[in-house]
Amino acid sequence: MVRQTASLPIIPLPRGSVLLPGLIQRVTVTSSRPDIPALLAHVYERAATKGPDGRIDAVPIACVPLASPHVGPNGQLLISNGEEVDSTQLEDINPATARKSDLFNFGVAARIVGIDGRGQGEFALRVEGTARIRLDSITQERPFFEGSVTYFNDDILPADKQLHELFALLKSRARELVTILRISSLLPRAKGGPPLAPSVTKRLETLIMRREFKEAGILADFMANLVETTHEEKLEVLAALDVKVRITKVIELLERQVGGIKNNFKITTFTSVPVQILDRLNENPSRRQNQFPNMPGVGLLPPQGQMPGGNDQDGDQEASELDELKQKLQNAKLPQEVQKTVDRELRRLQKMMPMNQEYQVTRNWLETLSEIPWAAVTDDRLGRDTLARARKQLDDDHYGLDKVKKRLIEYLAVLRLKQSINDGVNEKILKAEQEEGSAAATEQVEEVENGDRQHTPAPAHNSPKLELLKSQRMVDKSPIMLLVGPPGVGKTSLAKSVATALGRKFHRISLGGVRDEAEIRGHRRTYVAAMPGLIVQGLRKVGVANPVFLLDEIDKVGVASVHGDPSAAMLEVLDPEQNHTFHDHYVGMPIDLSKILFIATANSLDTIPAPLLDRMETIYIPGYTTLEKRHIAMQHLVPKQIKVNGLAEDQVIFDQDVVSKIIEAYTREAGVRNLEREIGSVCRAKAVEFAEAKDAEQLDSYKAQLSVDDVENILGIERFEEEIAEKTSRPGVVTGLVAYSSGGNGSILFIEVADMPGSGRVQLTGKLGDVLKESVEVALTWVKAHAFELGLTPEPTTDIMKERSIHVHCPSGAIPKDGPSSGIGQAIALISLLSGKPVPPTMAMTVAQGEISLRGKVTAVGGIKEKLIGALRAGVKTVLLPAQNRKDVKDLPAEVKDGLEILHVR
């Protein structure tokens with residue numbers, strides 16, 4: 001931010017005098033102040049240069065107070081609280097003879113608003129402060145000071161919550177001071193106490209009430225000038241360029257002043273009294289000589305320290321709100337330990353004054369507790385058709401995703417069985433209680449009939465039989481699932497479908513970018529604007545204790561920093577053994593989260609800490625196949641985009657050939673987001689065509705049916721080819737497959753090997769990682785060791801690399817590549833080059849799998865589904881897989897199995 005600088009004439013203020021922005025001060029000019037007449041003459045000269053309309057109040061000056069040895073150059077107090085300030089060091093300093101070192105580093109820019117004559121050569125300047133300045137340098141000391149200054153204006157952000165809280169507290173403390181001053185005018189004064197004019201306090205009340213948030217700094221300066229302060233304290237306020245720091249300092253001064261007045265007049269209780277009543281009391285001072293007027297709602301000095309039972313409108317409203325809060329807390333069905341603490345805080349709250357700072361903090365805390373659903377739950381009465389209905393709901397909302405649907409159906413089945421068991425146990429408990437009640441009644445009747453027997457009351461505790469039956473109740477612990485997959489595969493929308501299928505309320509918490517542990521656990525109540533964490537806020541919003549919580553983007557939670565570790569805070573939230581007593585810093589009471597069904601989403605597991613990952617049940621959602629995308633587009637995306645773009649179903653018609661063309665030629669992704677965008681582009685183009693035909697009244701010429709040629713005309717040239725880039729084969733080039741961990745998608749990757757005359761040197765390029773480089777060395781060693789068996793050398797002792805060098809390259813050099821097992825692809829590429837026999841371009845082997853050992857053994861790999869889906873999209877016909885991955889082929893979609901010839905190698 002660029003600060004304004006200027007060169008201004010300076011008036012050193014007398015000892016103990018500090019001018020603040022927005023205030024007017026009189027500076028007395030006597031014969032001992034020759035610097036001010038010289039400065040005034042300079043101001044008149046500058047005003048005259050602006051023409052006949054020039055005014056002296058348009059010429060800025062600076063007013064700078066004298067420094068104090070007890071205050072540092074930046075306004076910091078150099079003495080401890082309670083130490084006496086020795087002012088003798090500054091009493092002898094005359095502002096007219098002051099030096100540069102005698103001036104404080106901060107002051108105010110001001111303007112002369114008037115000159116008052118006093119006779120005998122004395123007069124006074126009236127100056128008004130306009131803005132804070134910092135004194136950068138002194139360019140002239142005589143006949144008056146002049147220096148270079150920097151202006152500082154208050155930076156107030158409307159969205160600053162902390163500043164809003166401080167401003168409200170400042171106004172509250174200021175009004176409290178004014179009210180106490182009004183009350184003090186009714187009480188016997190200390191000897192020599194100055195009289196208090198009622199009109200002054202009335203104007204103060206009006207001024208404080210009219211100040212807006214953007215004038216927070218001005219109000220702080222005004223109140224700092226009003227209260228009793230030392231010279232050093234006013235210098236601190238003057239040097240406080242930050243509005244928050246300034247308001248905090250002024251609040252401290254106000255609280256000290258209020259406390260001093262209360263102690264002086266021995267006020268034992270305090271209540272808010274309407275201003276009009278105080279004015280009426282002030283107008284008749286004779287009446288308060290002996291007694292106070294008997295007005296309803298006024299009890300300034302209650303007998304024997306009792307609280308006044310006023311019935312004014314504000315008091316009635318406050319009491320009514322407290323009754324409502326108490327009723328809400330009773331309806332919340334708080335746990336026993338929480339109820340004890342709440343009762344204690346309610347009693348304290350009723351004894352506090354509403355203008356007390358702790359009053360609002362305690363009240364907000366109690367309101368938060370009343371809004372937390374401690375016992376309210378959604379009724380999960382599961383019937384015979386629950387599983388079928390939930391399965392239909394999931395199938396209607398999402399195509400595929402069989403593993404996730406299976407896990408949710410399992411959860412519902414277990415929940416239903418537990419409810420059936422609990423229903424039977426509850427019937428047994430009810431029957432046992434009835435039997436015990438009948439037995440106790442019969443025993444009592446017998447004792448009454450036999451008067452010689454002594455009556456013994458029944459025990460208050462439950463019988464062992466009842467305790468045994470109650471222990472048989474099944475307690476449900478909701479699962480904590482983590483859906484991992486690339487963007488656009490439906491993780492977030494799947495969580496919404498789960499809530500719909502379960503009939504529970506749904507709440508989404510976005511964890512992406514959360515850097516502060518307090519956002520999870522909440523802020524402690526000691527902080528200004530403290531609030532509970534995201535978990536408790538979510539519970540307050542849904543209003544039940546068993547909702548479905550979506551923890552979105554849990555892999556993007558911030559790491560440990562000075563603000564704590566948010567991922568570590570999530571450990572307690574997502575641990576089934578701990579989250580029944582989750583502790584929020586703001587609430588301060590254990591909260592049961594075990595009934596919440598947590599569903600987290602992530603794109604990658606790499607950034608999730610291992611302890612946090614261990615607490616969740618990971619379900620991997622891979623990319624969609626072309627067949628799955630076609631079903632999703634026809635069932636969901638096309639109807640959605642037709643509706644969004646203002647068309648009817650019969651005004652644009654997609655068939656499977658058109659959708660397949662968009663999928664294969666214009667999108668290549670794991671999810672369906674880009675596919676939805678392209679379908680939207682086609683719908684918008686047809687909307688334009690339909691609107692033009694309608695406006696021209698030529699609807700007969702409009703064709704609703706889309707063709708493949710229409711797609712090419714709308715979306716432009718094809719972005720992707722159906723087949724792989726290499727349509728011809730050559731020795732040393734092999735098509736490999738790779739699965740990208742960040743995107744969850746598979747793709748083709750070429751391995752190119754070239755030889756040249758040399759001395760056996762091997763060169764590696766393509767931004768290969770260390771593990772991948774070692775795989776190349778292992779593959780080359782195996783080929784050299786078996787060169788005679790492969791027919792590459794005429795003799796077993798011949799070194800095939802004796803007179804040649806090898807260069808291994810993987811295209812897309814800007815993309816880092818690494819992996820523990822790419823030996824099979826590299827070995828085949830070397831054999832192809834050295835034998836001169838090309839590998840068919842439609843044959844591929846995976847790059848990130850099939851590590852070849854020195855014995856020639858090929859090991860298993862992961863990510864088979866993603867790699868083979870990518871191979872099918874790229875037009876690959878034959879794929880080589882390790883034999884140990886034969887089990888993974890069983891989980892492949894039928895479309896992939898039918899489109900690829902899979903060969904297993906050892």
Can you tell me which residue pairs pass the salt bridge (Lys or Arg N to Asp or Glu O under 4.0 Å) test with a partner in [range], sequence neighbours excluded?
| range | result |
| --- | --- |
| residues 395-405 | K392-D396, D395-K405 |
| residues 779-807 | D755-R804 |
| residues 559-568 | none |

[X] side chain near [Y] side chain, heavy-atom distance below 4.5 Å:
| X | Y | value |
| --- | --- | --- |
| V658 | L706 | yes |
| L881 | V889 | yes |
| I679 | F654 | yes |
| I806 | L833 | yes |
| V489 | L483 | no |
| M801 | L780 | yes |
| S832 | V733 | no |
| K556 | T607 | no |

So, taking the atom named [atom1] in [X] and the one named [atom2] in [Y], what distance separates them when rounded to the nearest 0.5 Å?
| X | Y | atom1 | atom2 | value |
| --- | --- | --- | --- | --- |
| S835 | I828 | OG | CD1 | 11.0 Å |
| L593 | L574 | CG | CG | 9.5 Å |
| S594 | Q578 | OG | CD | 12.5 Å |
| I662 | E676 | CD1 | CD | 12.0 Å |
| C683 | E678 | SG | CD | 11.5 Å |
| I621 | L482 | CD1 | CG | 9.5 Å |

Under the salt bridge (charged side-chain N to carboxylate O under 4.0 Å, His left out) rule, collect the residues that match up with [X], sequence neighbours excluded.
| X | answer |
| --- | --- |
| K773 | none |
| E617 | R407 |
| E774 | none |

Qualifying residues under side chain to side chain contact (heavy atoms under 4.5 Å, CB included), relative to [X], sequence neighbours excluded:
| X | value |
| --- | --- |
| T765 | Q763, H807, H809 |
| S805 | M756, R761 |
| P611 | L571, P609, R615 |

For [X], I'd like to know if atom [atom1] has over 12 heavy atoms of other residues, nucleotides or ligands within 6.0 Å.
| X | atom1 | value |
| --- | --- | --- |
| R673 | CZ | no |
| K496 | NZ | no |
| N713 | CG | yes |

| query | Would you say the side chains of T601 and D552 form a donor-acceptor pair under 3.5 Å? | reply | yes
Does one side chain, of R508 or T492, offer a donor that lies under 3.5 Å from an acceptor on the other?
-> no
Whether [X] side chain and [Y] backbone form a donor-acceptor pair below 3.5 Å:
| X | Y | value |
| --- | --- | --- |
| D555 | N603 | yes |
| E572 | H583 | yes |
| K897 | K890 | yes |
| T798 | P794 | no |
| N885 | D888 | no |
| Y666 | G716 | yes |
| K629 | E664 | no |
| E669 | L675 | yes |
| Q826 | V776 | yes |
| T781 | E777 | yes |

Who pairs with [X] by ring pair (Phe, Tyr, Trp, His ring centres under 6.0 Å), at least two apart in sequence or on another chain?
| X | result |
| --- | --- |
| Y399 | H631 |
| H585 | none |
| H786 | W782 |

Considering all heavy atoms, the nearest [X]-[Y] contact:
| X | Y | result |
| --- | --- | --- |
| N579 | F598 | ND2-CE1, 4.3 Å |
| A600 | M616 | CB-SD, 4.0 Å |
| C810 | L768 | SG-CD2, 3.9 Å |
| V548 | A495 | CG1-O, 4.2 Å |

- Query: Could you go step by step and tell me if I902 and L868 meet the side-chain contact (heavy atoms from CB on, under 4.5 Å) rule?
  - Reply: CA-CA 9 Å; I902 302 175; L868 296 191; 3.9 Å; yes
